[in-house]
Amino acid sequence: MIDLKFVRENTEELLASMRRRGEDVELGEFLALDAKRREVQQEVEPLRRKRNEVSENIGRLKKAGQKAEELVAEMRSVGDAITALESTHRELEEAQREFLLTIPNLPHATVPDGKDESENKEIRRWSPHGEEPPTLSFEPKPHWDVAEYLDIIDFNRAAKIAGARFALLKGVGAQLERALINFMLDLHTREHGYTELLPPFMVNQTSMITTGNLPKFEDDLFKVENGAYYLIPTAEVPVTNIYQDEILPEERLPIYYTAYTPCFRREAGSYGKDTRGLIRQHQFNKVELVKFTGPADSHNEHEKLTRDAEEVLKRLGLAYRVVALCAGDLGFAAAKTYDIEVWVPSQKKYREISSCSNYEEFQARRGSIRFKPKGAKKTDFVHTLNGSGLAVGRTVVAILENFQQQDGTVIIPEVLRPYMGGAERILRSEGRGR
RNA sequence: GGAGAGAUGGCCGAGCGGUUUAAGGCGGCGGUCUUGAAAACCGUUGAGUGAAAGCUCCGGGGGUUCGAAUCCCUCUCUCUCCGCCA
């Protein structure tokens, strides 16, 4: 959430930022509400002060055994006036908050200009063989064909038991998924200094408001009907909300968390996009990285977090590139975002496998996540950051496609072998499992 | 699901209609003392808003009253006992 005072005092700067995002924001009505609200507040406060003073007086008089009838009568009408003003004030305040919750974050100065995805800026590339992605000596099959031949993913039966955009992993496919989760968590906890969490997979509305998923993006979420819960679209939501409404001591910062969770997304409005395969599912697994930092450190920590996610791909030997999202492609809550895109041979394209963002104080303000700088009188908002480290389903896509062999088998990356009973290759399974 | 108890400042805990501008303790910070430290003693120590005076905040929301942490309604959460259950 944008600071109310900032909106009031830096209106032009805010509008310029919104134009960079391609958002058309109308502030006239909001600023009028704000002026009215402050006017009402200035009216009600002296009345409250008067009531406090006179009421205390009445108490003293009564204690002394004296009458206070006129004062009581007078305060009765003051009380009515206060009640009326308070209810107006509350309505104005609520209207302001509702509006503020719909204003996206300000893009950081280093975010490139641009209207959409096509203007994102490539930052760097990596591949096991230099910078360019490796080419296979035969025509690569899409991962769903690779998986079907090996009998490790069953999309048809998943559709039967749940519907479109679900997958049923089988045998080595299920093992591969589990191996990747464990490999990623081990890397981040043992080498990158993150603490592992296993949070609730459903959260309340308040948590969704903190991260920016609500009120604007309800259509993207699955809501549980008998209970006020939402299925999490990412571990970012439960983990960021851990310190909701808390004031942290400065010495605790920065805090690094990693969490595996399934993620649930409606994918409304993505009809016809990635309809086959694992790329776009209603439910997928992800290992998430979340940081809470002081304001001065967040951009450094953002760079480090992105490198931590990249490391997963390096160890797996998967080619990727990092792009900086332009202002027009930036998510609602983000001040700055790097996407990591992995090479998908059958599509001859890089596809998003991680999104690493710095939200600065945007989410912290919505969730009131603060810290007390050492020696300072005032509290300040922390900065929150997160990134996928990585999306597991899409990592499976990359492994099946990049490491497929002409005979239909798939080489298992060395770092995963200890997690898969030492197997070096995924072979076609025969018989009973089918 | 049934019965009961509770939610107060970083933590513990008093207050149950009017010097509560929330007692007291612990913890934190500063000081006295000390070669240094501990102990003891003294002081200080919640958040938001505002230039300030002030105003608001005792789980959330609503009500009663001149006046609510305190009384009433409601919701949420926690605990105890019983039942059921992985």
Side-chain angles (χ1 to χ4, degrees), chain A residues 1-10 30-31 33-98 100-101 198-210 214-215 223-224 226-230 238 241-253 255 292 361-382:
Chain A
M1 187 158 61
I2 305 295
D3 182 15
L4 171 59
K5 207 187 292 177
F6 182 88
V7 179
R8 187 157 62 220
E9 291 170 4
N10 305 75
F30 175 81
L31 292 171
L33 272 183
D34 186 51
K36 178 72 185 160
R37 198 203 87 247
R38 287 192 295 157
E39 200 177 287
V40 172
Q41 186 164 333
Q42 282 171 28
E43 220 177 317
V44 74
E45 284 191 3
L47 289 178
R48 282 205 281 233
R49 178 182 187 173
K50 184 171 184 188
R51 183 178 65 184
N52 289 344
E53 288 169 353
V54 176
S55 291
E56 201 180 312
N57 240 324
I58 292 171
R60 258 196 292 273
L61 287 173
K62 290 210 168 176
K63 211 165 224 172
Q66 299 180 25
K67 297 249 175 195
E69 296 304 320
E70 331 74 55
L71 286 180
V72 169
E74 189 193 344
M75 282 310 102
R76 211 189 310 271
S77 69
V78 170
D80 290 344
I82 291 174
T83 306
L85 288 168
E86 277 179 342
S87 96
T88 306
H89 188 264
R90 199 175 325 113
E91 280 165 27
L92 292 168
E93 204 170 33
E94 188 48 40
Q96 278 198 285
R97 179 175 160 81
E98 270 172 32
L100 277 182
L101 285 175
L198 187 63
F201 300 161
M202 292 192 267
V203 299
N204 58 31
Q205 178 177 290
T206 305
S207 294
M208 286 292 187
I209 287 173
T210 298
L214 289 178
K223 184 173 188 176
V224 177
N226 54 349
Y229 301 121
Y230 293 86
N241 277 283
I242 290 175
Y243 299 118
Q244 186 203 111
D245 268 319
E246 291 192 36
I247 300 170
L248 301 164
E250 187 176 33
E251 313 85 80
R252 297 247 351 236
L253 302 176
I255 297 170
F292 300 85
E361 62 172 44
F362 187 82
Q363 295 179 325
R365 195 179 281 282
R366 291 165 81 101
S368 192
I369 308 168
R370 295 171 291 172
F371 77 104
K372 179 87 118 187
K374 246 196 160 65
K377 191 95 178 79
K378 287 274 187 185
T379 59
D380 198 359
F381 291 102
V382 302

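Chain naming here is simple, since letters A, B, ... match the order of the sequence lines and numbering starts at 1 in each.
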Please list every stem that involves RNA chain B, where a stem is a run of 3 or more consecutive Watson-Crick or G-U wobble pairs with both pairing distances under 3.5 Å.
->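 When the pairs of RNA chain B are grouped into runs of at least three, the stems are B:1-7 with B:76-82, B:10-12 with B:24-26, B:27-32 with B:40-45, B:46-49 with B:54-57, B:59-63 with B:71-75.
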Ion pair A/E53/A/R49, N-O distance below 4.0 Å =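 Yes.
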Between A/E94 and A/R90, is there a salt bridge with N-O shorter than 4.0 Å?
->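 No, this pair does not count.
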Interatomic distance at [atom1], [N] relative to [M], whole Å:
N      : M      : atom1 : result
B/rA37 : B/rG31 : P     : 11 Å
B/rG13 : B/rU64 : C1'   : 29 Å
B/rA69 : B/rG62 : P     : 15 Å
B/rG17 : B/rC58 : C1'   : 16 Å

Considering all heavy atoms of both residues, which atom of A/P238 and which atom of A/V203 are nearest to each other, and what is their separation?
-> CB-CG1, 4.1 Å
State, to 0.1 Å, how close A/E43 and A/L47 come at their nearest heavy-atom pair, and which atoms those are.
-> O-CG, 3.7 Å
Give the table of side-chain donor-acceptor pairs shorter than 3.5 Å for residues 69-85 of chain A, with sequence neighbours excluded, one pair per line with atom names and distance.
residue	atom	partner	partner atom	Å
A/E74	OE2	A/K50	NZ	3.1
A/S77	OG	A/E74	O	2.9
A/T83	OG1	A/G79	O	2.9

Report the residues that fulfil side-chain hydrogen bond (donor to acceptor under 3.5 Å, both in side chains) with A/R48, sequence neighbours left out, ordered by chain and then residue number.
->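 In terms of side-chain hydrogen bond (donor to acceptor under 3.5 Å, both in side chains), with neighbours along the sequence ignored, A/R48 is linked to A/E86.
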Distances for protein N/O vs nucleotides 16-19 of chain B N/O pairs under 3.5 angstrom?
residue	atom	partner	partner atom	Å
B/rG18	N2	A/S55	O	2.6

In B/S/- notation, 5' to 3', how is nucleotides 50-63 of chain B contacted by protein heavy atoms closer than 4.0 Å?
-> S--SBSS-----S-
Could you write out each protein N or O paired with an N or O of nucleotides 69-77 of chain B at a distance under 3.5 Å?
none

Step by step, work out the salt bridge (charged side-chain N to carboxylate O under 4.0 Å, His left out) result for A/R97 and A/E93.
-> CA-CA 6 Å; A/R97 179 175 160 81; A/E93 204 170 33; over 6 Å; no
